[in-house]
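Reviewing the structure listed below.
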Amino acid sequence: MISYTYFSHVPSKGYLSNFCLFITKPDILGYNPFILIIHSFQNKVSREEENMASAVLDLLVGRVGAFLISEAALLGGVHDELEETRLELLAMKAFLADAEKKGALNEVEKTWVDNVRDVSVAVEDIMDEFMYHTNKQRSWGPYTRAFRQATCFPKYLWERHWIATKLQKLIKTIKGIPERSRRYGVERIEGTKTNPNSYDSNRVKIYGESSLFFKDDELVGIKDAKEKLVGWLLSKEPQRTVISVVGMGGSGKTSLVATAFTGQTANFHCYAWLTVSKTYNIEDLLRVLIKELFRSALQDVPQDLSNMNYIQMRYVIALDDVWDIYLWMQISVALPDGVDGSRVMLTTRNEDIASFPFEAGSHVYHVQPLNENDAWDLFSKKTFSSWPEKCCPQELERIARDLVGKCKGLPLGIVALGALMSTRRLVSEWMKFYSSLNWELSNNPTLEVVKSIFLLSFNDLPYRLKHCFLYLCIFPEDYVIDSDRLVRLWMAEGFVDKVEGPKPEEIAESYVAELTCRCMVQVVKRQPSGKAKTFKMHDLIRELALSISKAEIFFAVYDEQKMNKDSKGPRRMSMQANHEELQTHGDMSKVRTFFYFPPNMADSSSVQELKFRFKLLRVLDLKHVPVAQLPGEIVKLFNLKYLNLKGTKVKELPKDIGNLRSLETLDIRHSKIRVLPAGIVKLKNLRHLLMYHCNFQDLFKSYYFFDGTRAPDGICKLKSLQVCDAIELGGSLVKQLRQLTQLTRMSLSNVREADEEDLCKSLESMKLIEHFFVHTSNEDEVLRLDALPSAPPLLKELGLIGKLEKIPLWFPSLFSLTHLRLHWSRLTEDFLPYIQALPNLSILRLNNAYVGSQLVFHTGFRMLSELYIMELPKMNAIVIEKGAMPALQTLVITECMGLKQLPNGIEHLTCLQTLDLVNVPNELVERIRGEGSLDSSLVMHISEISYHYKTESGCFGERLRSCLQWIVRPSSSTVNILSRDGLPFLPGN
C-alpha cells in the first residue's frame, strides 16, 4: 500500500482536511500532465491581470513617493496634487490586495483593473513630462537659464498649471470608478471564501501522486539520478537525513523522487507521501502524517494524535512541492530523530530551501534537463507510439526535432506537446503549430498544465520581481543575458527599491539571485562566489511570459514576422527587424525603453545613421548595432538614464553629452570612441562608465590585453561613479583618481613605472574597490605597486598586465580575492608560495607569468576551481603534490611547447572535470589519446578532455574523452575565434 496525501488550503477551523484522489491511468511515459485540477482560462487571466495591476501600482507608488522627495523644491503648485494622487494609488493598491484574498474579480472590477493600468500610464506620463522640462532647464548654463526664466516666465507658469490640471483630472477619474460601481448597484461580496471556479495556485494539483504508480520502464533519462537518490536512501548513515531535489517547475522532480521512493519503501518500517502546497495547516498536516505512517506499518492509528512519541520506527517521508523553509522548521521538531537511519525526501523549486542546513548528512540533487537523445525518445514515445510505423515519419523529423528543441529538455513540456501533436499527421499542421506556439501555450487546453505550473512560480514572485522577470523577454530567444547589464537596466527602469543602507546595485543583484534560486532562469555561467554571471530564459517559459507581457502592454517585440502596432503605443520596444522597418514604424512618442537587435549584425550598410522620434526615453540599448553616427537629437533626451553603445561603430560622443543630467550608465566598450568629451564631467548622476576596448586584430599578440579611453580633467567630479572601466592614464589624471573614493570597479591602461606612488595612493583611498585591473604602457615597462602599504580589504578580482620584478609584499593579505590574473609578468622567482594560502582564490590565470622551467604546486589553493596556464615557453614540467588544489575542476594548458607530458600528480586532482589542451606538443596528446594509451590511467577520473590546435587551414578541436568515455574517432571542427585565454569556442562547449 502506498500512502499519499495532497494538502491544499485548509480552512481556519480545526478539523482535518484529507483529500481522497481519483488517479487516472498513468501515462505510459511516466509524465501525465492531465492529473490536475483545471480552472477556466478566463479566471486565470483575471488573476494574472489583478497581480500585474498590483505590481504596476506598487512600482508607481514608490516612484511618485521618491519623486515627491527628490523634486520637492521644484514642484511648487503641483506638490499637493501629486501627494493626493499617491494616496489614491495606495488606496487602489489596498483594494487589489483585498480582492486577491477574497477571490476572483467581478466584471465591473475587471474593468476597474484595466482603468488602473491606464491611470498608471497617465501619472507616469505627467511625471516624465515634468522631469523632461526640469532637466531641460538644468542643461542650460547659468546665464541662459536666467535669461529664459525672465523671458519665458508665463510659459513656465502655464506648464505648472497644465500639470496641476492633468493631475486633478486624474484624481477625479480615480474617485469616479467606485461611484460608478455604486450607481449600478455592483458591490463586492464580503467574506473570506474563495471562489471555487477562480484560479488559485494553491489548488493546482501537481500530478505527483500519479508518479507513485509508474514503472521504471515508463520513465526516460533518470537512471543515474535514481541510482544516486537510492544510494542516499540506503546509505549507512545512522542519523536522519534530508534529501532535497531542486529544479524548475516541470523538470521531473516529482517523478524522479517517486520512482526512488516507491522502490525502497520495503526497506523502512513505515512511509508516507505528502504533496504540500503553498498554504497549509501544520497541525492538520502532522495529524495526517501520523495516520499515514501508522497505516503503512499496518498498525492501529493512536487515538491521541497530539504528538509523535508513538513513532519509534525507521521511516521515509516524501514532501512534494515545498515552497518555504518554515515547513521543515515546524515539522522537524515533531519528527523523531533517532539513530535508525530515517530519511526525508523533498522536492522544491527554490534553491534556498534545498541548500538549507537540515541535518548533518543532508544531500541536494539538482535536476538537469533531459539531453537531446532522451528528450527525443520521450517525445517519440508520446507522439508516435500509436502511429502505424511507431516512429517519426521522415518528412516530419526536422520540424519535430525543432519543436522538441523548444522544450530544452523539460519533461513536462515535451510530454504535453507530444500528446497534442500525436493527433496531427500533416506537415502543414505541424508547421502552423510551430509558428503559433505562443498562442497555443496560452490558449490550448491540452497545454494548460504547462501554463499552470509556470504560473505557480510567477504568481509567487514579489510584485517588484514580476516586472524584473517579464523584462527578460525583451531579449531575443536563446539570448545569453549578462547579470551586470541587467542590474543596470533594472535601475534605469526604476524597478529597484531605494532603501537606506544597501546600494541599488546590491538590491538589484539580490533580485537576480532570487530569480535564479527560484529556478525561473537557466544559469549559463556562475561567478566564483556562485552568483549567476550569465543566464537564459527557457523557451517555453519565455513564450508564456511574452503572452503576459502582451496582455499587460508591458513591452512590444517587433520582428519581421510580427510587426504589430498597438493602438495605445508601447512603453518599451524591442526591435528585432531590419533598419527599414524601424524607420517606417509609426508613433514612438510614448516609448521609454528602446532595444535594437538587428537580424544581421554583420550588415553595416543597413544602419549608418540611426534616426528616431523619441522624447521621454529612459533606456537606449544599441549593443553591437553597426550604427556609425548618433542622431543629434540624442542630447535632447533629458530623461535618459541608460545609454549602451557597446560594439557600435560610433567614433565620438556629442559635445553636449553633459545635457543628459539623468544618465546613470554609459557603455562605450569596443566602440570606436577613444576620447571622452569635456562635457562628461557634468553627468553628476553617472554611476557606471564602461569604456575599455579590445582591438581584436591584435588580440592574439601576446602582450596586448585591452585599451582604455582618455578622460578629461575633472573626471574626479563624478562623485556618484561606482564603475570606471577603463581609463587611459596621462598627465595629472593618476593623481585625480584618489578623489574617486566610492569606486568599486576600476581599470587603468598606459600605466608607467613613474606612476607608482600616485597610483598606490589612489588605490589606498578606494576602500570599496572590488575589481582592479592595470595595464602598463608597453611590455618592457615595469609595473611597481610596492608603495601600497596593504591590500584593499574588499578586492575580489585583480589583474596585473605588465612586467613584475617581484610579487608585491601585500599579496598574502588578499583575503577576499577570488580571481587573479598575472599577464606577461615574466617573474623569475617562484611566486606560488605567495598566493597558495589565499583563502578564497577560485580562478587563477597565468599568461607568461613565469620564466622558470617548473611550476610546483606544493600545497594550498584550497578553493581553486579553475587554473589556466598559458604561454610559458620555458616550462617543461608541472608538479602537483598530493593535497594541493583539492577543489580544482577545470585545467587549461595553452601554448606550452616545452611541456611533453601531463602534469605530474594530475591523478591527485580527484575533482577535476575538464582538461583542455591548446597548442601543446603532440607527444603530450598521444600519451592520452584513446583507452590503453601510456597515461590514460592517470586521467580516467576526468569527464571531458579536449585538444585544440592551429594549422594553415584554421583552428581545429578534438574531443578525446567525453562523459567518462574514450572517443575512438575524435570529432573535429573548424574554429574561427579563440578566446583570450587560448581556449577555442567549439560547438557544444
Side-chain angles (χ1 to χ4, degrees), residues 645-647 650-653 666-677 680-681 686 688-716 718 721-740 743-763 765-766 769-785 787-788 792 795 797-804 808 819-826 845 847-849 979-981:
L645 302 175
K646 181 179 180 180
V650 176
K651 295 181 179 178
E652 61 180 3
L653 291 171
L666 175 61
D667 191 344
I668 58 173
R669 290 175 290 177
H670 309 313
S671 68
K672 303 296 184 181
I673 301 168
R674 292 296 183 269
V675 181
L676 294 177
I680 200 80
V681 302
L686 193 64
H688 305 102
L689 182 55
L690 303 161
M691 50 182 182
Y692 61 80
H693 310 279
C694 286
N695 182 345
F696 291 100
Q697 293 179 348
D698 295 334
L699 186 61
F700 302 112
K701 292 182 179 179
S702 298
Y703 167 71
Y704 173 81
F705 199 74
F706 68 86
D707 286 325
T709 300
R710 277 181 282 167
D713 287 339
I715 193 74
C716 59
L718 302 180
L721 206 59
Q722 304 291 306
V723 175
C724 187
D725 194 6
I727 287 181
E728 179 182 319
L729 289 186
S732 63
L733 191 57
V734 67
K735 294 182 179 180
Q736 297 181 35
L737 294 178
R738 69 186 64 175
Q739 300 180 46
L740 297 175
L743 284 179
T744 61
R745 181 185 181 102
M746 182 176 69
S747 296
L748 303 172
S749 67
N750 198 39
V751 176
R752 302 180 184 277
E753 183 177 354
D755 294 328
E756 177 187 7
E757 185 175 347
D758 291 324
L759 176 60
C760 290
K761 285 184 178 179
S762 296
L763 189 56
S765 68
M766 299 175 187
I769 197 77
E770 297 181 2
H771 175 109
F772 180 65
F773 269 51
V774 57
H775 197 309
T776 57
S777 57
N778 60 70
E779 64 181 85
D780 296 321
E781 193 79 39
V782 177
L783 180 59
R784 298 189 184 277
L785 295 169
L788 186 66
L795 192 63
E797 299 185 34
L798 175 63
L800 303 181
I801 295 91
K803 184 175 179 57
L804 286 174
H819 184 169
L820 175 62
R821 180 189 291 272
L822 298 178
H823 184 89
W824 221 244
S825 308
R826 292 160 287 169
R845 302 177 188 270
N847 192 331
N848 198 10
S979 76
R980 189 61 190 92
D981 295 325

* To do: Using atom types as modelled and distance alone, determine if a side-chain donor or acceptor of Thr744 lies under 3.5 Å from a backbone N or O of Ile769.
  => no

* Asked: Would you call Asp725 and Arg745 a salt bridge, using N to O less than 4.0 angstrom?
  -> yes

* Starting from the C-alpha separation in whole Å, work towards a yes-or-no answer on side chain to side chain donor-acceptor pair (under 3.5 Å) for His823 and Arg845. => CA-CA 8 Å; His823 184 89; Arg845 302 177 188 270; over 6 Å; no

* Using 30° and 60° as the class limits, which term best fits the ring planes of Tyr692 and His670: parallel, tilted or perpendicular? -> perpendicular

* Structure fact -> Tightest non-hydrogen contact, residues Phe706 and Ala726, listed as CE1-CB, 3.8 Å

* Structure fact -> When rounded to the nearest 0.5 Å, the distance separating CE of Met746 from CD of Gln722 is 13.5 Å

* Taking C-beta and beyond as the side chain, do Phe772 and Leu763 meet within less than 4.5 Å on heavy atoms? -> yes

* To do: Measure the OH-CG distance between Tyr703 and Asn778 for me, rounded to the nearest 0.5 Å.
  => 6.0 Å

* To do: Measure across Ser671 and Val650 and return the closest heavy-atom pair with its distance rounded to 0.1 Å.
  => CB-O, 4.1 Å

* Heavy-atom closest pair, residues Ser749 and Asp707 -> OG-C, 4.1 Å

* Give a yes or no answer on whether the side chain of Asp755 reaches the backbone of Arg752 with a donor-acceptor pair at less than 3.5 Å. => yes

* How long is the gap from CG on Leu822 to CG on Asn847, to the nearest 0.5 Å? -> 10.0 Å

* **Minimum-distance pair of heavy atoms, taken over all atoms of Leu689 and Ile715** => CD2-CD1, 4.3 Å

* Donor-acceptor pair, Ser825 side chain versus Leu804 backbone, under 3.5 Å? -> no

* Indicate the atoms forming the closest heavy-atom contact of Asn750 with Glu728, along with that distance. => CB-CG, 3.8 Å

* **Close side-chain approach of Trp824 and His775, heavy atoms under 4.5 Å** => no

* To do: State, yes or no, whether a side-chain contact exists between Leu759 and Leu785 at a heavy-atom distance under 4.5 Å.
  => yes

* Gap between atom CG of Leu721 and atom CG of Leu686 - 0.5 Å precision -> 5.5 Å

* To do: Specify the closest pair of heavy atoms between Arg710 and Val675, including all atoms of both residues, with the distance to one decimal.
  => NH2-CG2, 3.4 Å

* Heavy-atom side-chain proximity of Ser777 to Val751 below 4.5 angstrom -> no

* From Glu779 CD over to Lys803 NZ, what is the distance, rounded to the nearest 0.5 angstrom? -> 10.0 Å

* Structure fact -> dist Leu729:CG -> Lys735:NZ (nearest 0.5 Å) comes out at 12.5 Å

